[in-house]
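The structure appears right after this line, and notes come after that.
Convention: sequence-line order gives letters A, B, ...; per-chain numbering from 1. These figures come from a predicted structure and were not determined experimentally.
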Number of protein chains: 2
Amino acid sequence: MPVTIKDVARVAGVSPSTVSRALTTPALVQAETRARVERAAAELGYQPNRAARGLITGRTGNIGLIVPDLTNPFFPGVVKGVQSRARESDFSVFLADTDEDPTAEAGLVRALSKQVDGIVLCSPRMTEEDLRSVIGETPVVMLNRRVGQIPAITIDNVDGIRQAVAHLAALGHRRIAYVAGPRLSWSNKERARALRTTTNAAGIDLIEIGNFAPQFAGGVAAADLVLAAGVTAVIAYNDLVALGLLNWFATRGVKVPEAISVMGFDDIVLSQMVSPSLTTVAQPQEQIGRAGVDMLLQLLEDPDRAAAARRELPSQLMVRHSTGRAPSN
Amino acid sequence: MPVTIKDVARVAGVSPSTVSRALTTPALVQAETRARVERAAAELGYQPNRAARGLITGRTGNIGLIVPDLTNPFFPGVVKGVQSRARESDFSVFLADTDEDPTAEAGLVRALSKQVDGIVLCSPRMTEEDLRSVIGETPVVMLNRRVGQIPAITIDNVDGIRQAVAHLAALGHRRIAYVAGPRLSWSNKERARALRTTTNAAGIDLIEIGNFAPQFAGGVAAADLVLAAGVTAVIAYNDLVALGLLNWFATRGVKVPEAISVMGFDDIVLSQMVSPSLTTVAQPQEQIGRAGVDMLLQLLEDPDRAAAARRELPSQLMVRHSTGRAPSN
DNA sequence: GGCAAGCATGAAATCGTTTGTAGGTCGATG
DNA sequence: CATCGACCTACAAACGATTTCATGCTTGCC
């Protein structure tokens, strides 16, 4: 027996339509009537039934959020950002986790699309083809990937890499390795490309190793290859991989940063929790989420003007204890 | 122009009501008609409008999930469990993060309650009073807390502590410390209580330290107190705190496990990523989430019979490298 | 003072589905 | 051959809101 608009109407002594107007289009109703309606609504604790409203307006007040794997510590920060920004605009968030299955993504988008006004697609792994077909059906904003004119939030990988290389160069490193992430990952391609041009310009030798899974185990798997490459520093695709390297170096007895410097990417919370703490390029995770929702809401307001929007957020070098002067062998 | 039940009806040559029955109550319609309807629905790609259905049935097909802080690595596992179990039963999940604000919890529950059939409340920090008022309005299942007859999933803290103490006792430890978590936390109270009785029975001295925030920083803050207590082993409220201890011990040059053994609670993924890797009592995070949804769905089916349900899941000692024989000083 | 214009309000249609009820067909039975 | 039941199916009402349209009233202007 929830309280409906009719109950409010009866108490306020007006018709249901007036109640609706008073609450959604206040300008259309006389101040005194509006006050009576508001008082009645407050008194009864009225809350509009979203399903009923959605039925006629075609809007749900929900947005969908799809992430590859919540247990990857990069994503929870993004989710929090999405969450809090959405709540500010009275939107609720449907969360779905694809378990790193690229083929499940498109299906999930389609399933969700009926229940939401738009979708935030975080680090999508699906093919461009799937992507294009999916965005034809629902408003979508991508995070951490850029494909054609699709609305997207990315971070400035090029500048992040520039900061990282400058840091290592200043410490005297002349030969560094890159442990590559997933071959299909847009971020990985960006970072690898930026590394090539930057190291080239700085006269630094770059050894590319990989591809490896963007996880702790990937770093462990790559560690011995890194050692064999005879470098004085290594940049990993992301922090998890870097942590895997650190861990394996520790068991091998390789001193970090004395024997080799290690850098990551992302700045997940863990990177401060290990010793030595990890030097890394921070991505503003929460801000990425917030920006994604911002853009999505604009897109819903005005599909034409905002459709081509793309935004790039800055990344920021965090110097900690896993990097140091190059050994002078 | 989404395809509605009417379109299906037209194509199948029957009335809308028959389509509805054919899809939701197949027993009520002739096999041949049903087949025609199903064919038409498949052909048009019909998907029922959940808002419209919810309007009349009063059910939304959604459940709400409220967690204190997604960036605490314990929770994402639970969220994944909730997620996947919900999807199996065609439920969608609304996620909300309270940012560790106990006063925000009740409000969030109330806000969500209009849009969901029930709510999974993960590790709620709110007062018992708020809790009782809230569960009067919506079906709720709690995780990691037990209050009266409220449906809840918990893990067997007592047995977990028993395993931990037995492990340390077998390694020769006779004086151990407990770094306590939040004073208001139900889990913390459970663990502290179990520790007292277990150590007492085993003739082990227990030094309680704290309370501390259940985070990395909490462990860092507690580390020197632990050293001053003159113990050979320490059990932390959870893994994050244990990682803080490990980190501070490392910078202090205190060898783990040679000088002191460290144990955690939870088995978050990070605990395998540090060196030494962390001995801990594992909680089946995903399973907790799944069990919570299981119980919630039962509750929705049959409020009376399931109302008093409570379930306790086993915990499991994971021995790694942060514990070893007590120093023989 | 009369008429047009404008504004606030109410009545009713609508969104897409489910569901109670009535009607219609068919077979079997008396 | 008529009647009764069983079984399907169609019709229509309902869910709770928004929104179009119509109406009555006030107001302003000539």
Whole-Å distance separating the [atom1] atom of [X] from the [atom2] atom of [N]:
X: B/Arg10; N: D/dA10; atom1: CZ; atom2: P; answer: 14 Å
X: A/Gln47; N: D/dG16; atom1: CD; atom2: P; answer: 15 Å
X: B/Lys6; N: C/dG16; atom1: NZ; atom2: C1'; answer: 8 Å
X: B/Lys114; N: D/dG16; atom1: NZ; atom2: P; answer: 13 Å
X: A/Arg59; N: D/dT18; atom1: CZ; atom2: P; answer: 14 Å
X: A/Leu55; N: C/dT18; atom1: CG; atom2: P; answer: 12 Å
X: A/Glu32; N: C/dC7; atom1: CD; atom2: C1'; answer: 16 Å
X: B/Asp7; N: C/dC15; atom1: CG; atom2: C1'; answer: 13 Å

**Q.** Interatomic distance, A/Leu143 atom CG to A/Leu121 atom CG [nearest 0.5 angstrom]
**A.**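 Those atoms lie 8.0 Å apart.
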Q. Between A/Gln115 and B/Ser92, is any side-chain donor less than 3.5 angstrom from a side-chain acceptor?
A.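 Side-chain D/A pair, A/Gln115 to B/Ser92: present.
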Quick one: which of [options] gets closest to the side chain of [X]?
X: B/Arg53; options: C/dG16, D/dA17, C/dT18; result: C/dT18
X: A/Thr24; options: D/dT18, D/dC8, C/dT18; result: D/dT18
X: A/Val14; options: D/dT9, C/dG10, D/dT18; result: C/dG10
X: B/Ile56; options: D/dA12, C/dT17, C/dA12; result: C/dT17
X: A/Thr33; options: C/dC15, C/dT9, C/dG16; result: C/dT9
X: A/Ile5; options: D/dT9, D/dA17, C/dT18; result: D/dA17
X: A/Asn49; options: D/dT9, D/dA17, D/dA10; result: D/dA17
X: A/Thr18; options: C/dT9, D/dT18, C/dA11; result: C/dT9

Q: Go through the steps to decide whether A/Glu105 and A/Arg125 satisfy the test salt bridge (Lys or Arg N to Asp or Glu O under 4.0 Å), and finish with yes or no.
A: CA-CA 8 Å; A/Glu105 283 180 358; A/Arg125 271 54 163 151; 5.5 Å; no
Q) With a 4.0 Å cut-off on heavy atoms, is B/Thr4 in touch with a base, just the backbone sugar-phosphate, or nothing at all? A) sugar-phosphate
Q) Could you go step by step and tell me if A/Arg34 and A/Glu38 meet the salt bridge (Lys or Arg N to Asp or Glu O under 4.0 Å) rule? A) CA-CA 6 Å; A/Arg34 185 194 323 152; A/Glu38 283 166 353; 5.1 Å; no
Q. Looking at D/dC11, does its base get a donor-acceptor pair with the side chain of B/Ser15 below 3.5 Å?
A.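 Answer is no: no donor-acceptor pair is held.
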Q) Looking at C/dG10, does its base get a donor-acceptor pair with the side chain of A/Arg21 below 3.5 Å? A) yes
Quick check on [N]: is either OP1 or OP2 less than 4.0 Å from any side-chain nitrogen or oxygen of [X]?
X: A/Gln30; N: C/dC7; answer: no
X: B/Tyr46; N: C/dG16; answer: no
X: A/Ser20; N: D/dT18; answer: yes

Q. Is the number of heavy atoms from other residues, nucleotides or ligands under 6.0 Å of B/Arg110 CZ greater than 12?
A.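 Yes, CZ of B/Arg110 has more than 12 neighbouring heavy atoms, counting only those of other groups under 6.0 Å.
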Q: Any chance you could lay out the salt bridge (Lys or Arg N to Asp or Glu O under 4.0 Å) test for A/Glu312 and A/Arg146, step after step, and finish with the verdict?
A: CA-CA 10 Å; A/Glu312 189 168 61; A/Arg146 189 160 291 190; 5.1 Å; no
